[in-house]
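Beneath this line is the structure, given in structure tokens, with notes to follow.
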Amino acid sequence: MSYDLDEQSASGHDQDLQTALLAAGLPIDDLTQSGRTFFRFADHGEVVGFGGLETYGDCALLRSVVVLTDQRRHGYGEAITRQMLDQASRGGARTVYLLTESSAAFFEHLGFASVDRADAPAAILQTRQASSLCPASAALLAKTIQG
Ligand SMILES: CC(C)(COP(=O)(O)OP(=O)(O)OC[C@H]1O[C@@H](n2cnc3c(N)ncnc32)[C@H](O)[C@@H]1OP(=O)(O)O)[C@@H](O)C(=O)NCCC(=O)NCCS
């Protein structure tokens, strides 16, 4: 089933965002720094998850994609990722990168492919996520999106 989720901007200070990320073991240290945008997703008024973006010219880092624990495996993660890719496209990105420790298979299912860090743009490698917050063992994935 493909959802069209209600999407609202969220602040990096949002307690629900921070709680969801912490519960999923995702970084929260840099949420309130500039250059990040976050969104809260709801289905029929009920919050189901969040997503975030950092945009650097024609590339973007998709980050902080999380579905609330009791809402997983219903298709919301796929819907959030699709809507975040639309956001990235509207922001001018043509390639979207992400780092993940445990969900590479989920994103590969959605068209992302593994890339060597040596082949990634400096702007992506210099993000807090890539340079310090995510372990070196985290997989780097990328997807080219339509203009
Ligand atoms: C990864 C995550 C967002 C997936 O959300 P979800 O709502 O459970 O995923 P969906 O229900 O939309 O799944 C879509 C498809 O991916 C598959 N899938 C879901 N999680 C998967 C996983 N961890 N590995 C492999 N496939 C997965 C589903 O089976 C489904 O396939 P189908 O369409 O053939 O049935 C969620 O598990 C999560 O919040 N994880 C913790 C945070 C995280 O790791 N975020 C990524 C780093 S930013």
Side-chain angles (χ1 to χ4, degrees), residues 1-56 59-91 93-117 119-121 123-145:
M1 170 161 183
S2 181
Y3 295 95
D4 188 11
L5 299 175
D6 178 47
E7 179 180 311
Q8 286 187 340
S9 286
S11 153
H13 295 278
D14 188 310
Q15 278 303 315
D16 295 335
L17 167 66
Q18 297 197 5
T19 300
L21 294 176
L22 273 177
L26 297 182
I28 63 163
D29 297 29
D30 67 332
L31 291 181
T32 58
Q33 290 182 353
S34 62
R36 290 113 173 92
T37 53
F38 297 98
F39 297 89
R40 163 196 297 261
F41 292 89
D43 186 19
H44 294 93
E46 186 176 2
V47 176
V48 295
F50 297 88
L53 272 181
E54 297 175 36
T55 304
Y56 303 95
C59 31
L61 182 71
L62 175 61
R63 54 168 295 164
S64 308
V65 173
V66 63
V67 172
L68 302 189
T69 314
D70 59 353
Q71 300 286 356
R72 289 184 190 165
R73 297 281 177 165
H74 296 307
Y76 291 131
E78 182 167 345
I80 288 172
T81 303
R82 179 172 41 77
Q83 290 182 225
M84 291 302 298
L85 290 176
D86 289 345
Q87 282 285 352
S89 177
R90 284 196 288 276
R94 295 294 167 261
T95 310
V96 176
Y97 293 83
L98 66 86
L99 290 145
T100 181
E101 277 188 86
S102 58
S103 302
F106 166 77
F107 289 105
E108 283 167 0
H109 177 84
L110 301 181
F112 283 82
S114 182
V115 291
D116 277 348
R117 289 185 184 230
D119 296 331
I124 296 298
L125 298 177
Q126 285 163 6
T127 59
R128 287 275 320 273
Q129 292 240 327
S131 64
S132 62
L133 296 179
C134 293
S137 57
L140 179 65
L141 305 178
K143 180 179 167 82
T144 302
I145 56 178

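In listed order, ligands and their atoms are each counted from 1. Just so you know, residue 1 is the first one in the sequence shown, and it goes up from there.
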Problem set entry | Partners passing ring pair (Phe, Tyr, Trp, His ring centres under 6.0 Å) against Tyr97 (at least two apart in sequence or in another chain) | none

Problem set entry | Closest non-hydrogen atom pair between Leu140 and Ala120, with its separation | CD2-CB, 3.6 Å

Problem set entry | Sub-4.0 Å heavy-atom environment of ligand 1, residues by chain | Ala24, Leu26, Ser64, Val65, Val66, Val67, Arg72, Arg73, His74, Gly75, Tyr76, Gly77, Glu78, Thr100, Ser102, Ser103, Ala105, Phe106, Phe107, His109

Exercise. Using 30° and 60° as the class limits, which term best fits the ring planes of Tyr76 and His74: parallel, tilted or perpendicular?
Worked result: perpendicular

Exercise. Closest heavy-atom contact between Ile80 and Phe50?
Worked result: CG2-O, 3.8 Å

Exercise. Going by atom types only, do Arg36 and Ser64 share a side-chain donor-acceptor pair under 3.5 Å?
Worked result: no

For this session: Using distance alone, with no hydrogens and no angle criterion, decide if Gln71 and Glu46 have a side-chain donor and acceptor under 3.5 Å apart.
Result: yes

